[in-house]
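Ligands are counted one by one from 1 in listed order, and the atoms in each one are counted from 1 as well. Just the heavy atoms: all of them, side chains too, but no hydrogens, waters or symmetry mates, feed the values below.
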Amino acid sequence: MDEQQQSSYWDGFLPSDALVMKRAAVISDSLEKIASELQGCVRCKLCSGRKTIVLGEGNPKAQLMFVGEGPGEQEDVQGRPFVGMAGQLLDRMIEAMGLERAQVYIVNVVKCRPPGNRNPERDEIESCSPFLYRQIDVIRPKIVVALGRFAAQTLLQAEVRITQIRGRLYPYRGAQMMPTFHPAYLLRNPESKREAWEDLKKVAEFLEIKIPSRL
Ligand code: URA
């Protein structure tokens, strides 16, 4: 191969300009930038009923990230994700894995409370999900746990049923993704807690966390 042929051969392996620009955008992005862009957000109709925008919280360098659906009443008042009844169960699930809540990062698909805790609607998810993707790209966890249908559907961008896809790891944005049941669902259906625990044990195994024995 002559020099000219060699250089065009290697061109095929170079990232496109678009890829380079995307990488640069991710590198220059930050949780602070995302928070400031969401300040006073009026991108969807949820803005009219919310008290606070619940951005998410936790270790910005977390290896493990949990994605829920949207803030409930308590979360809306306190401005923090998963602080109500479902949050207390999530805390116990995290602790059962041998971790503390402060070690992980917790976010929601929509950052404002849907009125009366109704399901988030398609247009609301479409407005808010780019911020979720950016949060994942900035934090760069090793694994993302999608809590429930809305998180799993938003991350996979597919109309999936949580019962069909839960319990398996999926490659996701350079990380892995584990869909499992939402803690609020588990509160209503405690018989599914065993399956959710099996899913979380796989997450712990992937992260090489030794699960504390419960005597
Ligand atoms: N349910 C969610 O999906 N997120 C919260 O923050 C609280 C309850």
**Asked** H182 and F82: ring pair (Phe, Tyr, Trp, His ring centres under 6.0 Å), yes or no, with the steps?
**Response** CA-CA 11 Å; H182 191 287; F82 282 97; 5.5 Å; yes

**Asked** Stepwise, does the side chain to side chain donor-acceptor pair (under 3.5 Å) test hold for Q135 with K111?
**Response** CA-CA 12 Å; Q135 286 174 308; K111 313 290 191 231; 2.8 Å; yes

**Message:** I'd like to know whether F66 forms a side-chain contact (heavy atoms from CB on, under 4.5 Å) with V107, so could you lay out the CA-CA distance, the side-chain angles of the two residues, the decisive distance to 0.1 Å, and finally the verdict.
**Reply:** CA-CA 6 Å; F66 288 90; V107 286; over 6 Å; no

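Between E69 and R113 there is no salt bridge, since no side-chain N of the basic residue sits under 4.0 Å from a carboxylate O of the acidic one.
For G40 against I53, the heavy-atom pair with the smallest separation is N-CD1, 3.8 Å.
Per-residue contacts place H182 under 4.0 angstrom from the following atoms of ligand 1 (heavy atoms of the residue considered): 1 (N), 2 (C), 3 (O). Heavy-atom contacts of G68 reach the following atoms of ligand 1: 3 (O) (cutoff under 4.0 Å).
Both the backbone and the side chain of E69 come within 4.0 Å of ligand 1, counting heavy atoms alone.
The distance criterion of under 3.5 Å between nitrogen or oxygen atoms is met by F82 with respect to ligand 1.
For Q176, there are no side-chain hydrogen bond (donor to acceptor under 3.5 Å, both in side chains) partners, not counting sequence neighbours.
The protein non-hydrogen atom at the shortest distance from atom 4 (N) of ligand 1 is N108 OD1, 2.7 Å.
Evaluated by nearest non-hydrogen atom to atom 5 (C) of ligand 1, the leading choice among G70, A86, G87 is G70.
Remark: distances from the non-hydrogen atoms of G84 to ligand 1 are all 4.0 Å or more.
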